[in-house]
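We're numbering straight along the sequence, starting at 1.
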Amino acid sequence: MSPRKLVAVRDPYGLKPLCLGKRENSYIIASKSCALSAIDAEFIRDIIPGEILTIITNGLHSEYLPLAKKHAHCIFEYIYFARLDSQLDGIDIYNARIRAGKALAKSYPADADLVVGVPDSGLAVAKGYSEQSCIPFALAFHKNSYIGRTFIKPSQKERESSVKQKLSILAPVVKGKRIVLVDDSIVRGTTIKNLINMMKAAGAVSVHVRIRSPPFLYPCYFGTDVTSNKQLIAHSHNVNEICSMIGADSLGYMKIKQLSEMVEGLPICTACFSGDYPMDVSAQQNAK
């Protein structure tokens, strides 16, 4: 930014979102469309991957960085990071998560009484699972809105403490019930293990975990605070071992091939699941 112009640059792969909005005579740049809605601004368009958009007194001017071989939009934006009322590169987040839940229900059915989601990112996915499976959807958690994201806390003790402060169980909802618990991912396993323990302590008969992402196997260098695969439970344990470690009665992960369906064919980066980094072979080899 300067007194005379505003410049917005999006990387050539389109890894992270960026969009253009307008309010009265002012142009606005934001990472997600929900930020525009919050100030009554109009969404104009997404910034194109590789675009350098300069906003000056007499209008807009676009130039472009050298083209990447492919676009690779971060799939974790659609799985977890993006707010539910956002639209990223033409994909509505709410409907993407509903599709993810339906895909999970087809791949991993469960004999259960209720489907519940971990707030907030798991709720729409749980609704999709419920719609596909015809198992009733219920709210089973009270969320403390003043506690931030737990998986980025630096120590195990802090993560465990934050989980208990962030979420509490609505015991009358889960008591005596077989539960399908839907969440976005399992990173270290701390959060989901504590939630399962809390649900069973509140009287849940069984807890079947469904995760709307594949196993998190490789570090991400583009916005997720995981720098080593040693921090990832799925890197050193298979699905059956993880299921036992977290105390679940069953565990099902989204398949990598289903991620494309979730975002209606948008080209995506799945490096944290596949180890296939979009731009740097050496990073891929180091991660593996």
Exercise. To the nearest 0.5 angstrom, please state how far the CD1 atom of I75 sits from the OG1 atom of T270.
Key: 8.5 Å

Practice problem: Find out whether F141 and L170 are in side-chain contact, i.e. whether some heavy atom of one side chain is under 4.5 Å from a heavy atom of the other. | Solution: no

Quiz item: Which pair of heavy atoms, one from Y13 and one from M279, lies closest together, and at what distance?
Solution: OH-CB, 3.0 Å

Exercise. Kindly give the heavy-atom pair with the smallest separation between L15 and C269, and that separation in Å.
Key: CD2-CB, 3.7 Å

Quiz item: For V209 and I196, what are the C-alpha separation, side-chain angles and deciding distance, and is it a side-chain contact (heavy atoms from CB on, under 4.5 Å)?
Solution: CA-CA 9 Å; V209 175; I196 293 167; 3.6 Å; yes

Practice problem: Could I get the full list of side chain to side chain contact (heavy atoms under 4.5 Å, CB included) partners for P267, not counting sequence neighbours? | Solution: H71, H73

Self-check item: Atom pair CG/OG of D249 and S206 - distance to nearest 0.5 Å
Solution: 5.0 Å

Quiz prompt | Side chains of Q87 and S33, donor plus acceptor under 3.5 Å | solution = no

Practice problem: Would you mind reporting whether F137 and L139 have side-chain heavy atoms less than 4.5 Å apart? | Solution: yes

Quiz item: Got a second to check how far F273's CZ is from L232's CG, nearest 0.5 Å?
Solution: 10.5 Å

Quiz item: Side chains of S250 and R210: is there a donor and an acceptor less than 3.5 Å apart?
Solution: yes

Exercise. Assess whether atom CZ of R45 is packed by more than 12 heavy atoms of other residues, nucleotides or ligands within 6.0 Å.
Key: yes

Self-check item: Interatomic distance, N95 atom CG to E264 atom CD [nearest 0.5 angstrom]
Solution: 8.0 Å

Exercise. Quick one: name the residues clustered hydrophobically with L20, using the 4.5 Å side-chain heavy-atom rule over I, L, V, M, F, W, Y, and just say none if it's on its own.
Key: M1, L6, L18, Y27, I29, I44, I47, L53, I55, L60

Quiz item: Are L195 and M245 linked, directly or through other ILVMFWY residues, by side chains that come within less than 4.5 angstrom of each other?
Solution: yes

Self-check item: Qualifying salt bridge (Lys or Arg N to Asp or Glu O under 4.0 Å) pairs with a residue from residues 111-123, counting only residues at least two apart or across chains
Solution: D111-R178, D113-R178, D120-K143

Self-check item: Side chain to side chain, I179 and K200, heavy atoms closer than 4.5 Å
Solution: no

Exercise. Among Ile, Leu, Val, Met, Phe, Trp and Tyr joined by side-chain contacts under 4.5 Å, find the other residues sharing a cluster with Y64 and list them by chain and number.
Key: I48

Quiz item: Should we say atom NZ of K32 is surrounded by more than 12 heavy atoms from elsewhere, each under 6.0 Å from it?
Solution: yes

Quiz item: Is it true that a side-chain atom of R23 and a backbone atom of A41 form a donor plus acceptor pair closer than 3.5 Å?
Solution: no

Quiz item: Would D89 and R10 pass as an ion pair if we require N to O under 4.0 Å?
Solution: yes

Self-check item: R97 vs S121 side-chain heavy atoms within contact, under 4.5 Å
Solution: yes

Self-check item: Pairwise side-chain contact, L65 with I52, heavy-atom cut-off 4.5 Å (strictly under)
Solution: yes

Quiz item: Sub-3.5 Å donor-acceptor pair from the side chain of Y108 to the main-chain atoms of Y253, do we have one?
Solution: yes

Quiz prompt | Stepwise side-chain contact (heavy atoms from CB on, under 4.5 Å) check, L181 with D183 | solution = CA-CA 7 Å; L181 178 62; D183 203 0; 5.7 Å; no

Self-check item: Aromatic ring pairing F222/Y277, orientation class (parallel under 30°, perpendicular over 60°, tilted between)
Solution: perpendicular

Exercise. Would you mind reporting whether D85 and I93 have side-chain heavy atoms less than 4.5 Å apart?
Key: no

Self-check item: Heavy-atom donor-acceptor pair, K16 side chain to E77 backbone, under 3.5 Å
Solution: no

Practice problem: Report the C-alpha separation of H235 and K230 in whole Å, then their side-chain angles, then the decisive distance to 0.1 Å, and conclude whether the side-chain contact (heavy atoms from CB on, under 4.5 Å) test is met. | Solution: CA-CA 7 Å; H235 182 78; K230 294 178 181 178; over 6 Å; no

Quiz item: Side chains of V187 and I233: does their closest heavy-atom pair fall under 4.5 Å?
Solution: no

Practice problem: Quick one: name the residues clustered hydrophobically with I56, using the 4.5 Å side-chain heavy-atom rule over I, L, V, M, F, W, Y, and just say none if it's on its own. | Solution: none

Quiz prompt | Cluster overlap V205 with I192, hydrophobic side-chain contacts below 4.5 Å | solution = no

Exercise. Mind listing the closest non-hydrogen atom pair of M254 and A103 along with its distance?
Key: SD-CB, 4.1 Å

Practice problem: Determine whether the aromatic ring centres of F216 and F76 lie less than 6.0 Å apart. | Solution: yes

Quiz item: Where is the tightest heavy-atom contact between L88 and P17, given as atom of each residue plus distance?
Solution: CD2-CB, 3.9 Å

Quiz item: Going only through I, L, V, M, F, W and Y residues with side-chain contacts under 4.5 Å, is there a path from M198 to L123?
Solution: no

Quiz item: Are V180 and L114 close enough, and set up right, to give a side-chain contact (heavy atoms from CB on, under 4.5 Å), and what steps lead you there?
Solution: CA-CA 6 Å; V180 174; L114 294 175; over 6 Å; no

Quiz prompt | Where K5 and T54 come nearest, the two heavy atoms and their spacing | solution = CD-CG2, 4.1 Å

Quiz item: Hey, what do you get for CE (M199) to NZ (K177), rounding to the nearest 0.5 Å?
Solution: 11.5 Å

Practice problem: Enter the distance from L266:CG to L259:CG here, rounded to the nearest 0.5 Å. | Solution: 12.0 Å

Self-check item: Considering all heavy atoms, the nearest A140-V116 contact
Solution: CB-CG1, 3.6 Å

Self-check item: Transitive ILVMFWY cluster of I39, excluding itself - 4.5 Å side-chain cut-off
Solution: I28, L36, F43

Quiz item: Any Lys/Arg nitrogen of K255 or E261 sitting under 4.0 Å from an Asp/Glu carboxylate oxygen of the other?
Solution: no

Quiz item: Is there side-chain contact between S274 and I256, with at least one heavy-atom pair below 4.5 Å?
Solution: yes

Quiz prompt | Whether S133 side chain and Y129 backbone form a donor-acceptor pair below 3.5 Å | solution = yes

